[in-house]
Amino acid sequence: MSQIVYLNGDLVAREHAKISVLDRGFLFADGVYEVIPVYNSVPFRLQEHLDRLQSSLSQLGIANPHSNIEWKNIIRTVIERNGGGNISLYMHITRGVSSIRDHLIDDESACTVVLMCNPLNVSQQPIKCSTATLMSDIRWQHCDIKSVALLGNILLRNEAEQRGHDEAILHRDETITEGSSTNVFMVKHREIYTPRQNNFILGGITRDVIIELAEHTGLKVHQQDISIKNLLNADEVWISSSTREISPVTRIDDKIIANGEIGPVAKVLHKEFQSFKKQLCR
Ligand code: PDD
């Protein structure tokens, strides 16, 4: 089936979805995005994704072009028109098209809205492990905004790939922030640690689900600073995101974590996560 893209109210074949060269998203990365996992045609944690979208838009001073009900209808239509099933739904909202290229914001411009679908690999059975490399967090000071300005993230991710790793785990000075497109967790003595939510990390929707499931299972979760030293000496480490779910990190650079195996806490939470998904998307 050919891909159908939503562009400013129209549903068009992907090859016909075109934007202006004066779009501020194209010129300045002046926009925000969301990636929503869709399981069995049901968007996962949709309200939470829409809330985070609202927060990102507000921080950039962009008026939300749609109400929640409108978004939900648009999303349902895009999923249906793309054949449903398991999808990674991409939403992209920019400040729109200016009359000339100018750093100054033209309040008159209407947002550009794009929604499109990517395949979602949900065969997380068996659980998919990762290796990671530590890299200095070279990004800006507003990583809590899900901005389309991802140059830092993509340079870090690609450098990690060149070093032979699946993800870059980032740090500012000695403190871990997050991955280039994931959040980071570690376990010590069966207690879970993850960096607290501030402007240096994106508040991941998967991160929140994992914290909820862990606490529900009776596991203690600490949201606090993690030093590089503590991360490297952890019993378990994993990364999380909408597309990777929970991925145990078995090696960070030369340091083997959890004997290179999937740790027991990651195993439990992965199982809980799979049944939580099934319940919601039945
Ligand atoms: N990335 N941190 C960063 C920098 C991210 O880009 C992401 C997600 C996360 C995890 O957030 P969530 O659990 O809501 O997916 C954390 C998406 C998947 C992406 O850019 O494709």
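All ligand and atom numbering here is 1-based and tracks the order in the structure.
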Between Glu245 and Lys277, does any side-chain N to carboxylate O distance fall below 4.0 Å? yes
Heavy-atom closest pair (Thr250 atom, Glu261 atom, distance to 0.1 Å) is CG2-O, 3.9 Å
Answer yes or no for Tyr90: is there a heavy-atom contact with ligand 1 below 4.0 Å? no
On a heavy-atom basis, the closest approach of Asp23 and Gly25 is OD1-N, 2.7 Å
For Asn183, the ligand 1 atoms with a heavy-atom partner under 4.0 Å come out as 10 (C), 16 (C)
Atoms of ligand 1 under 4.0 Å from any heavy atom of Asn153, numbered from 1 in the order shown, are 4 (C)
A student checking ligand 1 against Ser241 at a 4.0 Å heavy-atom cut-off should list atoms 10 (C), 13 (O), 15 (O)
Of Arg157, Glu178, Arg139, His49, the residue with the heavy atom nearest atom 2 (N) of ligand 1 is Glu178
(message) Looking at ligand 1, is there an atom of it that comes within less than 4.0 Å of some heavy atom belonging to Ser180?
(response) yes
Using 4.0 Å as the upper bound for N to carboxylate O, is an ion pair formed by Glu161 and Arg157?
yes
**Prompt:** Under a 4.0 Å N-O cut-off, is there an ion pair linking Glu178 with Arg139?
**Reply:** yes
- Heavy-atom contact under 4.0 Å between Arg244 and ligand 1? no
Ligand 1 to Val35, heavy atom cutoff 4.0 Å, flagged ligand atoms 19 (C), 21 (O)
Inset, instruction - Before accepting this row, confirm whether a basic side-chain N of the pair Glu34/Lys146 lies closer than 4.0 Å to the acidic partner's carboxylate O. - result: no
Could you say whether the N/O atoms of Arg207 and ligand 1 ever approach to under 3.5 Å?
no
Honestly, for Cys143 the part within reach of ligand 1 (heavy atoms, under 4.0 Å) is neither
Here the atoms of ligand 1 under 4.0 Å from any heavy atom belonging to Ser242 are 12 (P), 13 (O), 14 (O), 15 (O)
Quick look: Ile201 vs ligand 1, heavy-atom contacts under 4.0 Å, and the answer is neither
**Prompt:** Hey, are Arg45 and Glu212 close enough for a salt bridge, meaning a charged N less than 4.0 Å from a carboxylate O?
**Reply:** yes
